[in-house]
Amino acid sequence: MIRRGKEKIQLRYSAPKGIHDILPPDISIWQKTEATAKELFQKYGYQEIRTPIIEHTDIFIRSIGENTDIVEKEMYTFSDRAGRSITLRPEGTASVVRAFIEHNLQNFTSPQKFYYTGPMFRYERPQKGRFRQFYQIGVEAFGERHPTMDAEIITMLCSFMKAIGLEGINFELNSIGCEKCRPDYKNALLLFFKDKLDNFCPDCQRRYSLNPLRILDCKVERCIALRHGSPLIPEHLCDDCSNHFEELKERLRILQMPYTLNPELVRGLDYYTKTTFEATSNHLGSQKAVAAGGRYDKLVEEFGGPATPAIGFAIGMERLITLLMEKTNLLSPVPDCFIATIGKEAELKGLLLAEQLREKGYHVEIHYGGASLKSQLRRADRMDSRFVLIIGDDELRSGKIKWKNLKNKEQGEIEIEDISSILKNNLERY
RNA sequence: GUGGGCGUAGUUCAAUGGUCAGAGCACUGGACUGUGGCUCCAGUUGUUGGGGGUUCGAAUCCCCUCGCCCACCCCA
């Protein structure tokens with residue numbers, strides 16, 4: 001609130017709808033998650049790629065698909081000053097594919113494996129686990145069609161979940177075929193639903209003509225019952241897709257990677273082929289997917305690049321962190337030492353001492369002036385500092401500094417040059 | 001885009017249409033002059049989201065609007 005003359009004007013700014021700040025102490029769990037991903041993905045040979053958060057709008061229309069909800073109604077699109085249509089990225093794959101083609105990365109040793117992290121933007125109505133700006137950690141691998149690639153990437157996702165300590169995650173697996181076998185399956189589905197269509201929910205009736213695979217996804221009980229016995233994708237795969245799927249499952253078995261086959265697992269983006277998978281949890285409200293991905297063997301080619309098979313996944317950071325919060329108690333970093341001072345001369349001495357201790361690697365907080373020793377110690381205590389140094393007139397006179405261990409109340413005096421040893425000694429015990 | 005729930009202090013929440021809208025926590029200070037946590041005391045923070053209406057009187061009832069949450073659609 002600001003006051004202007006007698007008039008009070010209330011200015012209560014808030015971030016735009018569905019867009020959130022990430023504050024300490026929450027930020028530490030984000031940092032830990034990102035660091036864990038980075039470290040683990042590098043072990044599998046994935047390197048970071050940084051693509052822009054805006055692209056020409058066409059990039060997304062062509063990759064995600066013209067008739068998807070994302071493109072039809074969820075993109076943040078605007079014209080730049082030269083009148084070009086620009087869009088804030090709603091997902092990460094399109095940009096990576098564009099970069100792959102633009103820089104001719106197929107000329108490097110295959111497969112090319114990337115990971116990235118950053119914000120995505122979708123204009124949706126926010127709810128639990130869904131935001132207008134949300135963060136993903138994504139992974140893409142180009143140039144390898146062998147199912148061993150699929151197995152590696154799925155296993156990597158699983159070990160990531162383990163590495164950050166998430167349990168109770170379900171891995172669902174399916175194959176949705178390729179451009180050869182999917183049309184056949186679609187026809188089989190249409191045939192099966194044809195005479196029952198009137199009994200389905202309005203949404204499913206709409207899906208029938210728009211995207212019949214989505215009927216498999218419907219949560220309405222009546223529809224679940226009606227689709228009982230419907231043809232399943234795995235039964236309609238062509239030999240190539242079927243072999244691929246079998247080989248993948250064999251490798252997952254060898255790797256002792258637990259998964260559930262879900263023949264009704266359908267993905268919302270147009271570009272997927274063959275393998276699709278999802279990591280789900282029951283603690284996320286109605287958005288249960290915490291990570292999802294699949295193969296997209298045709299996308300690079302459709303984009304005007306060389307025929308290049310590819311596979312990837314994306315982790316929804318907010319959803320992941322929602323789950324992590326249930327188990328983790330958040331702690332902000334705690335100072336090793338607080339330097340309390342009385343008087344200007346001591347304050348200056350403390351300022352210098354703090355710098356010297358930080359150079360030695362300690363996390364040091366100081367007193368900025370103006371408060372009683374009591375309130376300084378209270379501040380040190382509330383920050384959960386483990387150790388306090390006190391500098392006042394007595395200490396300036398004697399050249400010794402008082403120290404106190406706030407955890408066990410031990411205290412004493414020490415020569416200034418011995419501080420780091422007593423600090424080390426006290427910190428080691430906690 | 002559709003539907004439901006909720007908006008009161010920094011925060012968590014009270015207040016049946018009826019005095020000046022309160023309490024816990026938090027924060028600041030003091031009791032304790034240079035020693036934290038515990039205790040006690042004191043202090044600060046509100047156009048009750050905003051606007052309009054009904055009424056002698058509205059945080060409370062009605063309408064509009066904005067925001068948040070949840071669900072649908074769809075997705076990470």
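Note on naming: letters A, B, ... go to the chains in the order of the sequence lines (proteins, then strands), and numbering restarts at 1 for each one.
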Peer 1: Does the base of B:C75 carry an N or O that pairs as donor and acceptor with the side chain of A:Arg319 under 3.5 Å?
Peer 2: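 Answer is yes: a donor-acceptor pair is held.
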
Peer 1: For B:C70 and A:Gln127 - does any side-chain N or O of the residue sit under 4.0 Å from the phosphate oxygens OP1/OP2?
Peer 2: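 Negative; the distance criterion is not met.
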
Peer 1: Base, sugar-phosphate or nothing for A:Val388? Non-hydrogen atoms, less than 4.0 Å.
Peer 2: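 No contact at all - A:Val388 keeps every heavy atom at 4.0 Å or more from the nucleic acid.
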
Peer 1: Expressed as a whole number of Å, how far does the C1' atom of B:U48 sit from that of B:A9?
Peer 2: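 That atom pair is separated by 10 Å.
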
Peer 1: Should the side chain of A:Glu74 and the base of B:C74 be counted as holding a donor-acceptor pair, with the cut-off at 3.5 Å?
Peer 2: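 Per atom types, no contact qualifies.
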
Peer 1: Grab the CZ-P distance between A:Arg378 and B:U28 for me, whole Å please.
Peer 2: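 For the pair A:Arg378 CZ and B:U28 P, the rounded distance is 7 Å.
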
Peer 1: If you measure from the C1' atom in B:A14 to the same atom in B:A23, how many Å do you get, rounded?
Peer 2: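 So the two C1' atoms sit 7 Å from each other.
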
Peer 1: Got a sec, which residues hit salt bridge (Lys or Arg N to Asp or Glu O under 4.0 Å) with A:Arg251, two or more places apart in sequence or on another chain?
Peer 2: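 Once residues adjacent in sequence are excluded, the partners of A:Arg251 under the salt bridge (Lys or Arg N to Asp or Glu O under 4.0 Å) criterion are A:Glu247.
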
Peer 1: Check this for me: does any side-chain nitrogen of one of A:Arg130 and A:Glu124 sit under 4.0 Å from a carboxylate oxygen of the other?
Peer 2: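 Salt bridge present between A:Arg130 and A:Glu124.
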
Peer 1: I'd like to know if A:Asp381 reaches the base of B:G36 with its side chain such that a donor and an acceptor end up less than 3.5 angstrom apart.
Peer 2: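 Donor-acceptor pair under 3.5 Å: yes.
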
Peer 1: Polar-atom pairs under 3.5 Å, protein N or O versus N or O of nucleotides 66-68 of chain B: list them with distances, or write none.
Peer 2:
{"residue": "B:C68", "atom": "OP2", "partner": "A:Lys17", "partner atom": "NZ", "Å": "3.2"}

Peer 1: Is it true that the NZ or CZ of A:Arg62 lies under 6.0 Å from the centre of A:Phe303's six-membered ring and within 45 degrees of the ring axis?
Peer 2: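 Judged by the rule (NZ or CZ under 6.0 Å from the ring centre, within 45° of its axis), A:Arg62 counts as positioned above A:Phe303.
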
Peer 1: NA contact type, A:Phe131, heavy-atom cut-off 4.0 Å: base, sugar-phosphate, or nothing?
Peer 2: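 Counting heavy atoms under 4.0 Å across all strands, the contact made by A:Phe131 includes a base.
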
Peer 1: Quick one: the side chain of A:Arg214 and the base of B:C74, do they pair up donor-acceptor inside 3.5 Å?
Peer 2: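 No, no donor-acceptor pair under 3.5 Å.
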
Peer 1: Without decimals, in angstroms, what is the distance between A:Arg125 CZ and B:C73 C1'?
Peer 2: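 Whole-Å distance recorded here is 11 Å.
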
Peer 1: Ignoring hydrogens and angles, are the base of B:U35 and the side chain of A:Lys374 linked by a donor-acceptor pair under 3.5 Å?
Peer 2: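 A donor-acceptor contact between them is absent.
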
Peer 1: Looking only at atom P, what distance separates B:U12 and B:U55, rounded to whole Å?
Peer 2: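 It works out to 36 Å between them.
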
Peer 1: What's the gap between B:C70 and B:A26 when it is taken at their P atoms, as a whole Å value?
Peer 2: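 Looking at atom P only, B:C70 and B:A26 are 28 Å apart.
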
Peer 1: How is A:Ala291 classified with respect to the nucleic acid when contacts are heavy atoms under 4.0 Å: base, sugar-phosphate, or nothing?
Peer 2: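 Since only primed, P, OP1 and OP2 atoms lie under 4.0 Å of A:Ala291, the category is sugar-phosphate.
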
Peer 1: For A:Lys288 and B:C74, what is the distance between atoms NZ and P respectively, to the nearest whole Å?
Peer 2: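 Value for this atom pair: 14 Å.
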
Peer 1: Of the nucleotides B:U35, B:G29, B:C75, which one has an atom closest to the side chain of A:Ile390?
Peer 2: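 Within the option list, the nearest is B:U35.
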
Peer 1: Taking the P atom in each of B:U28 and B:C68, what is the distance between them to the nearest angstrom?
Peer 2: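 Rounded to whole Å, the distance is 31 Å.
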
Peer 1: Is any side-chain nitrogen or oxygen of A:Ser286 closer than 4.0 Å to OP1 or OP2 of B:C72?
Peer 2: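 Yes, A:Ser286 has a side-chain N/O under 4.0 Å of OP1/OP2 on B:C72.
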
Peer 1: How far does the P atom of B:G37 sit from the matching atom of B:C27, given to the nearest Å?
Peer 2: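 Result for the P pair: 11 Å, nearest Å.
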
Peer 1: Rounded to whole Å, please give me the gap between CG in A:Leu373 and C1' in B:C32.
Peer 2: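 One finds 12 Å between C1' of B:C32 and CG of A:Leu373, rounded.
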
Peer 1: Does the pair A:Glu347/A:Lys344 count as a salt bridge with the N-to-O cut at 4.0 Å?
Peer 2: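 No, this pair does not count.
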
Peer 1: If we take the P atom in both B:A42 and B:G51, what is their distance in whole Å?
Peer 2: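 These two P atoms come out 35 Å apart once rounded.
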
Peer 1: Can you tell which of B:U35, B:A76, B:U2 lies closest to the side chain of A:Arg122?
Peer 2: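 Taking heavy atoms from C-beta onward, the closest nucleotide is B:A76.
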
Peer 1: Taking the side chain of A:Phe134 as heavy atoms from C-beta outward, which of B:A76, B:U35, B:G29 is closest to it?
Peer 2: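 Among the listed nucleotides, the one closest to the side chain of A:Phe134 is B:A76.
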
Peer 1: Output the rounded distance in Å from CD (A:Glu395) to P (B:G34).
Peer 2: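 Result: 13 Å.
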
Peer 1: Taking C-beta and beyond as the side chain, do A:Asn405 and A:Val388 meet within less than 4.5 Å on heavy atoms?
Peer 2: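 No; the side chains remain at least 4.5 Å from each other.
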
Peer 1: Could you go through residues 22-43 of chain A and list every donor-acceptor pair under 3.5 Å that involves a side-chain atom there, pairing it with any protein atom two or more places apart or in another chain?
Peer 2:
{"residue": "A:Ser28", "atom": "OG", "partner": "A:Pro25", "partner atom": "O", "Å": "2.5"}
{"residue": "A:Thr33", "atom": "OG1", "partner": "A:Ile29", "partner atom": "O", "Å": "2.7"}
{"residue": "A:Thr36", "atom": "OG1", "partner": "A:Lys32", "partner atom": "O", "Å": "2.7"}

Peer 1: Exactly one of A:Arg358, A:Lys360, A:Lys424, A:Arg386 should register a salt bridge (charged side-chain N to carboxylate O under 4.0 Å, His left out) with A:Asp336. Which one does?
Peer 2: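 For A:Asp336, the salt bridge (charged side-chain N to carboxylate O under 4.0 Å, His left out) check succeeds only for A:Arg386.
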
Peer 1: Convert the base pairs of RNA chain B into dot-bracket notation, remembering that pairs crossing earlier ones are written with [ ] and that bases paired across to another strand are shown as |; include only Watson-Crick or G-U pairs under 3.5 Å.
Peer 2: (((((((..((((....[...)))).(((((.......))))).....(((((..]....))))))))))))....

Peer 1: By nearest heavy atom, map A:Ile342 and A:Tyr123 onto RNA chain B; which one lands nearer the 5' end?
Peer 2: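 Taking each residue's closest nucleotide, the earlier one in sequence belongs to A:Tyr123.
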
Peer 1: Counting only distance, no hydrogens or angles, is the base of B:C70 paired donor-acceptor with the side chain of A:Lys128 under 3.5 Å?
Peer 2: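 No, no donor-acceptor pair under 3.5 Å.
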
Peer 1: Please give, in whole Å, the distance from B:G29 P to A:Leu377 CG?
Peer 2: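 Going from CG in A:Leu377 over to P in B:G29 covers 12 Å.
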
Peer 1: Who pairs with A:Glu152 by salt bridge (Lys or Arg N to Asp or Glu O under 4.0 Å), at least two apart in sequence or on another chain?
Peer 2: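 Expected list: A:Lys113.
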
Peer 1: Give one of base, sugar-phosphate or nothing for A:Gly138, where a contact means two heavy atoms less than 4.0 Å apart.
Peer 2: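 Counting heavy atoms under 4.0 Å across all strands, no contact is made by A:Gly138.
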
Peer 1: Please give, in whole Å, the distance from B:U33 P to A:Gln376 CD?
Peer 2: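 Distance, rounded to whole Å: 14 Å.
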
Peer 1: Taking the six-membered ring of A:Phe134 (Phe, Tyr or Trp), confirm whether the NZ or CZ of A:Arg122 is under 6.0 Å from its centre and within 45° of its axis.
Peer 2: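 The answer is no, since A:Arg122 fails at least one limit relative to A:Phe134.
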
Peer 1: Identify, with sequence neighbours excluded, every residue that meets ring-ring contact (aromatic ring centres under 6.0 Å, His included) alongside A:Phe60.
Peer 2: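 With sequence neighbours excluded, A:Phe60 shows a ring-ring contact (aromatic ring centres under 6.0 Å, His included) to no residue whatsoever.
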
Peer 1: What about A:Gln411, does its side chain sit under 3.5 Å from the base of B:U35 through a donor-acceptor pair?
Peer 2: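 Yes, the side chain and the base share a sub-3.5 Å donor-acceptor pair.
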
Peer 1: CD of A:Glu124 versus P of B:U2: gap in Å, rounded?
Peer 2: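 Value for this atom pair: 16 Å.
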
Peer 1: What's the gap between B:C56 and B:C72 when it is taken at their P atoms, as a whole Å value?
Peer 2: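 Approximately 47 Å lies between the P atom of B:C56 and that of B:C72.
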
Peer 1: Does CG belonging to A:Asn282 count more than 12 external heavy atoms closer than 6.0 Å?
Peer 2: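 No.
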
Peer 1: Regarding A:Glu140 and A:Tyr296, do their side chains bring together a donor and an acceptor under 3.5 Å, going by distance alone?
Peer 2: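 Checked: A:Glu140/A:Tyr296 side chains pair up, N/O donor to acceptor below 3.5 Å.
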
Peer 1: Check whether any side-chain N or O of A:Arg382 sits under 4.0 Å from OP1 or OP2 of B:U28, and answer yes or no.
Peer 2: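 Indeed, a polar side-chain atom of A:Arg382 lies that close.
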
